Amino acid sequence: MVSDRLDADLGGLRSGAANSESVAAALADAAAGGGAGSEPSQVGAAAILAAAQAVRQVQSGRVAGQADALTSAASAYESTDQRGAGDLERSM
């Protein structure tokens, strides 16, 4: 069955974007911690922690990009919906 109504939850999109921005910030701010020293095990731990930090930075960028896309989608839908409503109002 085809619906006669097309709808988007703009508040939900914007809320999802805000949550994603928080996650992105938390990922970017997470400290690698530990691993200081010259022993082989400490050097290895530092390398692993640095790699984990690099992955968090990449993930932060991806989540931030998704947040931007959600915000942009909500704004585009709202703008299109308002234009369409105005066009309908003028044609009546």
Side-chain angles (χ1 to χ4, degrees):
M1 179 170 132
V2 177
S3 173
D4 291 337
R5 181 181 168 100
L6 176 62
D7 195 17
D9 180 0
L10 300 180
L13 288 171
R14 290 186 174 116
S15 175
N19 288 340
S20 293
E21 288 171 355
S22 295
V23 168
L27 285 168
D29 292 341
S38 60
E39 294 296 317
S41 61
Q42 292 169 323
V43 173
I48 290 170
L49 291 171
Q53 182 65 27
V55 169
R56 282 194 293 273
Q57 291 296 324
V58 169
Q59 290 301 320
S60 174
R62 287 182 181 166
V63 173
Q66 290 170 345
D68 290 344
L70 286 172
T71 300
S72 180
S75 296
Y77 183 90
E78 184 175 41
S79 175
T80 301
D81 193 44
Q82 289 172 347
R83 272 196 323 271
D87 291 347
L88 283 173
E89 188 176 316
R90 283 188 291 281
S91 71
M92 294 176 127

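Small disclaimer: the values here were computed from a predicted structure and weren't measured.
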Partner set under side chain to side chain contact (heavy atoms under 4.5 Å, CB included) for L27, not counting sequence neighbours: V23, R56, Q59, S60, V63
Search all heavy atoms of A74 against all heavy atoms of L10 and return the closest pair with its distance. O-CD2, 3.6 Å
Is there a donor-acceptor contact under 3.5 Å from the side chain of E21 to the main chain of A64? no
Rounded to the nearest 0.5 Å, the CZ atom of R14 sits from the OG1 atom of T71 at a distance of 8.0 Å
Got a second to check how far Q53's CD is from Q57's CD, nearest 0.5 Å? 5.0 Å
Is it the case that the side chain of S79 and the backbone of A76 share a donor-acceptor pair, with hydrogens and angles ignored and the cut-off at 3.5 Å? no
Out of curiosity, L70 CG to S75 OG, how far, rounded to the nearest 0.5 Å? 11.0 Å
